[in-house]
**Student:** 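Sharing a structure here in C-alpha cells format.
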Amino acid sequence: MDRNKDISLFLDRDGTICEEVGYLSSPEQVRLLPGAAEAVRLANGRGIKAVVITNQSGIARGFLTEEKLQEIHRELSRQLIKEGAFLDQIYFCPHHPSEGKDPYRRACDCRKPSSGMVLRAASEMGIDLERSYCVGDRFADLECGMRVGTKGVLVLTGYGKEEWVSGVGTQWRRPSFVAVGLREAMEWIFEDLKGL
Ligand SMILES: [Mg+2]
Ligand SMILES: [Zn+2]
C-alpha cells in the first residue's frame, strides 16, 4: 500500500458505463447506463481516478478503426461531462489473438483478462493497485486487476447476469462484491475504502 499514490476505478466500458450493443462502432450508439455518470461524478469528487480499460477487438476484426474509436470516446466523454463527470484516462486493446490482420492480430499482454492495461495505467498515472478497484460486467474485467492486487466488483448490467450465473466456479475469480449497477458498485467501494 502506498498512500502517496492515487486510488483508481478501472472501469469496463460496454455494459458497465454505457449500453452493451454488441460491437459498438459509431458514436450514435453511445448511451450511458442509468446511474453511471453519477458514479463517475462521485469518484471524481473524491479524487479517485476514473480510468476506462476496454477490449476493442472490433478493431482487429475490422468492425471499426482507431479513428472511429476516438470519435466514440469523445462522444462518451461529452455525455459524461454534460452530467458533471469526467474520465481521467481511457486505455484500449485493439488486438485479437486469432482474428483479423496485422498489426492487430496478435497475442498481446493488454487484452483482458491480461493485466497489461492496468499495469500501464498504474505506472503512467501513479496508481496504488492495492487500494484500487476493477468494475465490469465480465469476470475478465475483474481478473485483469485482481491478478495484480486490485479488488473486483461485478455489475449485473450488460452481460453481468449471465456471467454471474455461469461463472461462480473458480475460487480466485470470485468478485469482491456484486452490484446491481455502477452506482451501487460505487456505494460499496466508498464503504470499503473507509476500512483501509
Ligand atoms: Mg463489458
Ligand atoms: Zn492488446
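Quick note: numbers below take in every heavy atom, side chains included, and nothing from hydrogens, waters or symmetry partners. Computed from a predicted model, the values in this text were never measured in an experiment. We count ligands from 1, going down the list as the structure has it; atoms in each ligand are counted the same way.
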**Student:** Can V52 and Q89 be said to form a side-chain contact (heavy atoms from CB on, under 4.5 Å), step by step?
**Tutor:** CA-CA 6 Å; V52 167; Q89 195 55 269; over 6 Å; no
**Student:** Would you say the side chain of E19 lies within less than 4.5 Å of the side chain of L32, judging by non-hydrogen atoms?
**Tutor:**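 They are not in contact (no side-chain heavy atoms under 4.5 Å apart), so the answer is no.
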**Student:** Provide the protein N, O or S atoms situated under 2.8 Å from the Mg ion (ligand 1); waters are not included.
**Tutor:**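 Listed by chain and number: D12 OD2, D14 O, D137 OD1.
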**Student:** At their closest point, which heavy atom of I48 faces which heavy atom of L9, and how far apart are they?
**Tutor:**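 Minimum heavy-atom separation between I48 and L9: CG2-N, 3.9 Å.
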**Student:** Does M125 reach the side chain of D88, with side-chain heavy atoms less than 4.5 Å apart?
**Tutor:**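 The answer is yes; the side chains approach within 4.5 Å.
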**Student:** Verify side-chain contact (heavy atoms from CB on, under 4.5 Å) between L129 and V118, making sure each step is shown before the conclusion.
**Tutor:** CA-CA 9 Å; L129 292 175; V118 170; 3.6 Å; yes
**Student:** Could you walk me through whether R74 and R78 pass the side-chain contact (heavy atoms from CB on, under 4.5 Å) test, one step at a time?
**Tutor:** CA-CA 6 Å; R74 274 197 294 277; R78 193 190 65 78; over 6 Å; no
**Student:** Check the side chains of Y133 and D192 for a donor-acceptor pair under 3.5 angstrom, ignoring hydrogens and angles.
**Tutor:**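 Per modelled atom types, D192 and Y133 side chains form a pair under 3.5 Å.
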**Student:** Indicate yes or no: does R131 engage D2 in a salt bridge with an N to O separation below 4.0 Å.
**Tutor:**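 No salt bridge links R131 with D2.
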**Student:** Answer yes or no on whether R46 is positioned over the face of F190, meaning its NZ or CZ is under 6.0 Å from the six-membered ring centre and within 45° of the axis.
**Tutor:**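 Positive - R46 is close enough to the ring of F190 and near enough to its axis.
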**Student:** For the Zn ion (ligand 2), which protein N/O/S atoms are closer than 2.8 Å?
**Tutor:**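 As for protein N, O or S atoms lying under 2.8 Å from the Zn ion (ligand 2), they are C93 SG, H95 ND1, C108 SG, C110 SG.
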